[in-house]
Amino acid sequence: MKTAFITGITGQDGSYLAEHLLNLGYKVVAMMRRSATPDTSRFAHIEDRLTICHGDLLDQSSLMRLLAEYKPDEIYNLAAQSFVHASFHEPIHTSEVTGLGVMRMLEAVRLQAPEARFYQASSSEMFGDVFETPQRETTPFHPRSPYGVAKVYGHFATVNYRESYDMFACSGILFNHESPRRGLEFVTRKISDHVAAIAFGETNQLALGNLDARRDWGFAGDYVRGMHLMLQHATADDYVLSTGTTQSVREFCRIAFAHVGLNYEDYVVVNPKFFRPAEVELLLGDSSKAKNVLGWVPEIDFQGLVEMMVDADLKRRLVMGNRPTRGSLPEGLV
Ligand code: NAP
Ligand code: F7E
C-alpha cells in the first residue's frame with residue numbers, strides 16, 4: 001500500500017484529494033496546523049480513514065519530523081495562505097507560508113524522503129497581467145499580488161530542486177477550481193451562499209467588487225485527479241490544469257441567481273472595499289499538455305459547477321427545516 005502525505009487537509013482541495021487517494025487504496029497521512037479552534041468539517045466524513053498529524057509550514061522541524069516518521073511515497077503540498085485579497089493585508093505572512101513554506105517542504109523532502117514524489121500547488125495567479133491568452137506552461141509570469149509573487153517563488157523552488165537534486169518534483173499550475181467546499185471568502189462560494197441566503201429571506205443584498213474580472217473556473221474534484229496523475233507519470237514535469245473556458249464574475253452571478261428564478265441585477269451591488277490594489281483581469285488556461293501526456297480532462301462544465309454550488313447551499317438550509325421565501329427552488333430540490 002502506498003503512503004501519501006498531504007498538507008492543507010482542512011482546506012477545499014485537501015479534502016477532495018484525500019477522498020480520491022483513499023478510494024485508490026492509499027494510506028493517507030494528512031497534516032494540519034495547531035489551532036485553538038480546529039475545523040475538521042471538510043473531511044469529517046473520512047476522518048476515521050485518515051492518519052491525522054500536526055505540523056506547520058512555518059516550522060521546519062515539524063516537517064522534518066513528520067517525513068522521517070511516515071516516509072511517504074507521494075507528498076502533496078497544498079497548504080498555503082491562499083486568499084489573494086488577504087495577501088495584500090498580510091504580505092509577509094503570505095510570503096512565509098505560501099512562498100518560503102514550499103522551500104521548507106522541499107528541504108524536508110530532500111533530507112528525509114528524497115525518493116518521494118512531490119507535488120507543489122502552483123497557481124494561475126502567477127500569470128497575473130497575462131503575456132498571452134490562453135496561458136500555458138511556457139507563458140511568462142507577471143504576478144499581481146503578494147500571493148502570486150509567493151507562488152512564483154514556490155514554483156521555481158520546485159523546478160530548482162528537480163534540476164539540482166534529481167528529485168521527482170512537479171508543479172501543477174492550476175486555474176481556479178471551486179466546489180461546495182470552497183471557502184466563503186472566495187467569490188464563487190460567496191455568490192452561491194448569498195443566492196441561497198437571498199432565496200431564504202436571510203438577506204436582501206450581495207456586495208461584490210470587480211464584476212468584470214474573468215476566470216477559468218473548474219470543479220475541484222476534477223483537479224485533484226490531475227494532481228495524482230502528475231505523480232504517476234514516468235518523469236516529473238509542470239502542467240497547467242484548466243477548463244479552457246472563461247467567464248466573468250457577472251456571468252457567474254447571472255447563472256447562479258437564474259437557477260433560483262431571480263435576476264442578479266435586483267440584488268448585486270458593487271462595493272469598492274472588495275476591489276484589489278492590482279487586479280488579474282483575465283485568465284484562460286490551455287491544458288492540452290495535461291490532456292495529451294496525462295490523459296486528464298475535466299468533467300464538470302461551468303453551468304454544472306454553478307448549479308452544483310447553489311444546490312448545495314440551498315440543501316444545507318432545507319435540511320435545517322427552513323423554507324425559501326423568494327424565487328423558486330430548482331427542479332430536483334423541490
Ligand atoms: P484552502 O481551502 O485555502 O486551504 C489551504 C490550506 O492550507 C488549509 O488547510 C490551511 O489550514 C492550510 N494552511 C495555511 N497555513 C498553513 C501553515 N502555516 N501550515 C500548515 N497548513 C497551513 O486552499 P485550496 O483552495 O484547498 O487550495 C489548495 C492549494 O492550491 C493552495 O496552495 C492554493 O494556494 C492552491 N491553489 C488553489 C487554487 C483554487 O482555485 N482553489 C488554484 C490554484 C492553486 P487552516 O485551515 O489551518 O487555515
Ligand atoms: O476572486 C473578483 C476578484 O477571490 C476571483 C484562489 O483560490 O484562485 C483563487 O484566487 C475574482 C477576482 O479568487 C469579489 O477581484 C469580485 O478577480 O474568488 P477569488 P482568485 O483571486 O482568482 C487562484 C487560482 C488561486 O490560486 C487562489 O488561491 O473575483 N471579485 N468581487 C471578488 N472576489 C472575492 N473574493 N470577493 C468579492 O466580493
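A quick note: this is a predicted structure, and the numbers were derived from the prediction, not measured. Position 1 is the first residue of the sequence, and the numbers go up from there. Whatever order the structure lists them in is the order used to number ligands and atoms, beginning at 1.
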Next item on the list: Tell me which one of Thr10, Val224, Thr98 gets a heavy atom nearest to atom 45 (P) of ligand 1.
Entry: Thr10
Notebook entry, point to check: Do the ring centers of Tyr161 and Phe168 come within less than 6.0 Å of each other?
Noted result: no
Margin query: Under 4.0 Å, heavy-atom basis, I'd like to know which part of Lys151 is in contact with ligand 1: side chain, backbone, both or neither.
Written below: side chain
Check: Which residue supplies the protein heavy atom nearest to atom 22 (C) of ligand 1, what is that atom called, and how far is it?
Finding: Ala79 CB, 3.7 Å
Item checked: Winner among Asn176, Ile191, Val84 once heavy atoms are compared against atom 8 (O) of ligand 2 -> Asn176
Next item on the list: Run the salt-bridge test on Lys2 and Glu74 with the 4.0 Å N-O cut-off and return the result as yes or no.
Entry: yes
Notebook entry, point to check: Any N/O of Gln12 closer than 3.5 Å to an N/O of ligand 1?
Noted result: yes
Notebook entry, point to check: For ligand 1, does Asp56 get within less than 4.0 Å through its side chain, its backbone, both, or neither, judged by non-hydrogen atoms?
Noted result: both
Next item on the list: Check each atom of ligand 2 against the heavy atoms of Gly209 and keep those under 4.0 Å away; list them by number with element.
Entry: 14 (C), 16 (C), 31 (N), 38 (O)
Margin query: Does atom CG (Asn23) have a neighbourhood of more than 12 heavy atoms from anything else shown, all under 6.0 Å?
Written below: yes
Next item on the list: Measure from atom 26 (O) of ligand 2 to every heavy atom in Ser123, Gly183, Ser122, Ser242 and give the option owning the shortest one.
Entry: Ser123
Notebook entry, point to check: Are any of the N/O atoms in Gly11 less than 3.5 Å from those in ligand 1?
Noted result: yes
Check: Would you say the ring centroid of Phe141 lies under 6.0 angstrom from that of Phe127?
Finding: yes
Item checked: Subset of ligand 1 atoms that lie under 4.0 Å from at least one heavy atom of Ser82 -> 1 (P), 3 (O), 23 (O), 33 (C), 34 (O)
Note to self: Distance under 4.0 Å to a non-hydrogen atom of Ser82: what atoms of ligand 2 satisfy this?
What the structure shows: 6 (C), 27 (C), 28 (O)
Note to self: Would you say the ring centers of Phe83 and Phe186 fall short of 6.0 Å from each other?
What the structure shows: yes
Notebook entry, point to check: Which ligand 1 atoms are under 4.0 Å away from a heavy-atom of Gly8?
Noted result: 6 (C), 7 (O), 9 (O)
Item checked: Which of the ligand 1 atoms, numbered from 1, are nearer than 4.0 Å to a heavy atom of Ser122 -> 43 (C), 44 (C)
Item checked: ligand 2 atoms in contact with Lys190 (distance to a heavy atom under 4.0 Å) -> 37 (C), 38 (O)
Notebook entry, point to check: At a non-hydrogen distance cut-off of under 4.0 Å, which region of Val187 contacts ligand 2 (side chain, backbone, both, or neither)?
Noted result: both
Checklist line | Per-atom contacts, ligand 2 versus Ala213 - under 4.0 Å to a heavy atom | finding: 17 (O)
Item checked: Heavy-atom nearest neighbour of atom 28 (C) of ligand 1 within options Leu57, Leu58, Leu78 -> Leu78
Check: What is the nearest protein non-hydrogen atom to atom 15 (O) of ligand 2, stated with its residue, atom name and distance?
Finding: Glu279 OE2, 2.6 Å
Notebook entry, point to check: Which atoms of ligand 2 sit under 4.0 Å from any heavy atom of Ser124?
Noted result: 24 (C)
Check: Does Lys289 NZ have over 12 foreign heavy atoms under 6.0 Å away?
Finding: yes
Margin query: Tell me whether Ala80 has any N or O atom under 3.5 angstrom from an N or O of ligand 1.
Written below: yes
Item checked: Check ion pair Asp56-Arg33 (N to O, under 4.0 angstrom) -> no
Check: Heavy-atom contact under 4.0 Å between Arg215 and ligand 2?
Finding: yes
Next item on the list: Quick one: look at Phe275 and ligand 2, take heavy-atom pairs under 4.0 Å, and tell me if it's side chain, backbone, both or neither.
Entry: neither
Item checked: ligand 1 atoms in contact with Asn176 (distance to a heavy atom under 4.0 Å) -> 40 (O)
Next item on the list: Indicate yes or no: does an N/O atom of Asp13 lie under 3.5 Å from an N/O atom of ligand 1?
Entry: yes
Checklist line | Contact partition for Arg33 relative to ligand 1, non-hydrogen atoms under 4.0 Å | finding: side chain
Check: What are the atoms of ligand 1, with element, lying closer than 4.0 Å to any heavy atom of Tyr147?
Finding: 33 (C), 34 (O), 35 (C), 36 (N), 44 (C)
Check: In the protein, what heavy atom is nearest to atom 35 (N) of ligand 2, and what distance, to one decimal place, separates them?
Finding: Glu185 O, 2.9 Å
Margin query: Can you tell me which portion of Arg182 lies within the under-4.0 Å heavy-atom range of ligand 1? Options are side chain, backbone, both, or neither.
Written below: side chain
Item checked: Enumerated ligand 2 atoms positioned under 4.0 Å from heavy atoms of Phe274 -> 38 (O)
Notebook entry, point to check: Is there a heavy atom of Arg182 sitting under 4.0 angstrom from any atom of ligand 2?
Noted result: yes
Margin query: Check this for me - ligand 1, His177, N or O atoms closer than 3.5 angstrom, yes or no?
Written below: yes
